[in-house]
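Take a look at the structure set out below.
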Protein chains: 2
Amino acid sequence: MTADPIQSDDILTAEDLVFHALAHRARRRMLDLLKMAPGMTVQGLASHFEFSRVATIKHIARLEEAGLLVSKKHGRSRLLYFNVMPIQSIYDRWTDEYSSFWSGRIADLQQRVEARAAARENKHA
Amino acid sequence: MTADPIQSDDILTAEDLVFHALAHRARRRMLDLLKMAPGMTVQGLASHFEFSRVATIKHIARLEEAGLLVSKKHGRSRLLYFNVMPIQSIYDRWTDEYSSFWSGRIADLQQRVEARAAARENKHA
DNA sequence: CTAACAAGTAACCTTTCGGTTACCAATGAC
DNA sequence: GTCATTGGTAACCGAAAGGTTACTTGTTAG
């Protein structure tokens with residue numbers, strides 16, 4: 001590896017970036033927080049963790065590279081938003097590849113999601 | 001953190017193990033290979049990669065800790081099998097947590113999975 | 001029995017990860 | 001204008017990840 005003169009194909013694919021970004025518990029938690037409260041600032045997000053603001057910024061960068069987080073400058077603040085699109089792409093790939101293991105499961109899934117949606121409707125009414 | 005006398009909760013959850021195991025491209029590829037050809041040996045699996053057999057063994061260990069791979073000794077060989085269960089758990093958690101982002105998508109997903117299953121049926125007939 | 005073969009372990013090395021502190025730049029409040 | 005506040009960068013550090021080679025163990029073949 002160190003003595004290999006030929007450049008190996010270690011280019012990072014989109015899937016690599018997404019899985020890598022999701023590999024850290026704090027980053028998954030960040031997505032949860034941003035999903036619940038879109039438009040948080042960097043400091044607002046950092047306040048939920050024990051590590052420093054700078055560490056938070058680095059995690060944000062990882063999430064942004066993977067496309068899981070988008071941000072918008074607003075004055076001196078930066079507003080953060082969760083973006084589900086890359087996760088949906090991963091879902092598509094894996095449900096295709098592993099479809100033979102999913103027989104009869106997607107229906108349950110749909111039921112749960114619909115039940116959730118209904119519960120939300122009731123709450124709002 | 002270094003000066004913190006209180007033990008932080010850095011215990012590894014099942015979700016941590018699964019996401020961590022999936023974070024490496026080669027390990028995801030291994031699951032693909034085992035899904036296509038269940039019961040491969042360690043060497044058979046290692047032959048699909050450029051790195052060494054020992055590196056393969058370490059990857060197998062990571063996958064096994066996460067429950068994504070199970071193995072069965074058979075003589076001097078070790079037969080490897082993919083186990084989808086942990087992934088299904090992750091799916092359940094994420095589809096619950098992110099259900100509000102999934103409106104109208106699960107139906108498409110089910111269609112694709114069913115179409116795949118039908119295609120497989122035809123092939124076998 | 002002996003030789004080959006599959007799997008696993010040990011020790012080591014380099015790179016990446018995840019964090020820190022210290023400093024810098026831009027913006028908003030007053 | 002001054003100064004606090006928000007965000008970002010640089011340099012550094014320890015731990016973990018991911019790989020290697022060398023050696024060991026167990027099992028089948030002949």
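Chain letters run A, B, ... following the sequence lines, proteins first and then strands; every chain starts at 1. Note: hydrogens, waters and symmetry copies are ignored here, and every other heavy atom, side chains too, is used.
The shortest non-hydrogen separation linking A:Tyr81 to A:Pro38 is CD2-CB, 3.9 Å. When every heavy atom of B:Leu17 is checked against every heavy atom of B:Glu65, the shortest pair comes out as CD1-O, 3.8 Å.
Of the two residues near DNA chain C, B:Leu79 and A:Lys73, the one whose nearest nucleotide lies more 5' is B:Leu79.
How far CD1 of B:Ile87 is from CH2 of A:Trp94: 4.0 Å, rounded to the nearest 0.5 Å. Interatomic distance, A:Leu69 CG to A:Leu45 CG, rounded to the nearest 0.5 Å: 8.0 Å. A:Asn83 CG to A:Gln88 CD: the interatomic distance, rounded to the nearest 0.5 Å, is 8.5 Å. Annotation: the span from A:Ile60 atom CD1 to A:Arg27 atom CZ amounts to 11.5 Å, rounded to 0.5 Å. Rounding to the nearest 0.5 Å gives a distance of 9.5 Å between CG of B:Leu34 and NE2 of B:His48. Atom CG of B:Leu63 and atom NE2 of B:His24 lie 10.5 Å apart (nearest 0.5 Å).
When rounded to the nearest whole Å, the span between CZ of B:Phe19 and C1' of C:dC17 equals 19 Å. Atom CZ in B:Arg25 sits about 16 Å away from atom C1' in D:dG19, given to the nearest Å. Put simply, CZ on A:Arg76 is 16 Å from P on D:dC3, counting in whole angstrom units. Whole-Å rounding puts the B:Leu80 CG to C:dG8 C1' distance at 13 Å. Put simply, CE on A:Met30 is 11 Å from C1' on C:dG18, counting in whole angstrom units. Whole-Å rounding puts the B:Leu12 CG to D:dA16 C1' distance at 12 Å.
Helix-axis bend for the helix from C:dC1-D:dG30 to C:dC30-D:dG1: the local axis fitted to the five terminal pairs at one end deviates from that at the other end by 30°, rounded to 10°.
Put simply, B:Arg78 has a side-chain N or O that comes within less than 4.0 Å of OP1 or OP2 on C:dG8. Close to D:dT20, at under 4.0 Å from its OP1 or OP2, lies a side-chain N or O of B:Ser52. The side chain of B:Thr41 places no N or O atom within less than 4.0 Å of a non-bridging phosphate oxygen (OP1 or OP2) of C:dA6.
Proximity of residues 53-72 of chain A to DNA chain C (heavy atom under 4.0 angstrom from any strand atom) is restricted to A:Val54, A:Ala55, A:Lys58, A:His59, A:Arg62.
The aromatic ring centroids of B:His59 and B:Phe51 lie less than 6.0 Å from each other.
Contact annotation for B:His74: no contact, since no heavy-atom pair falls under 4.0 Å across all strands.
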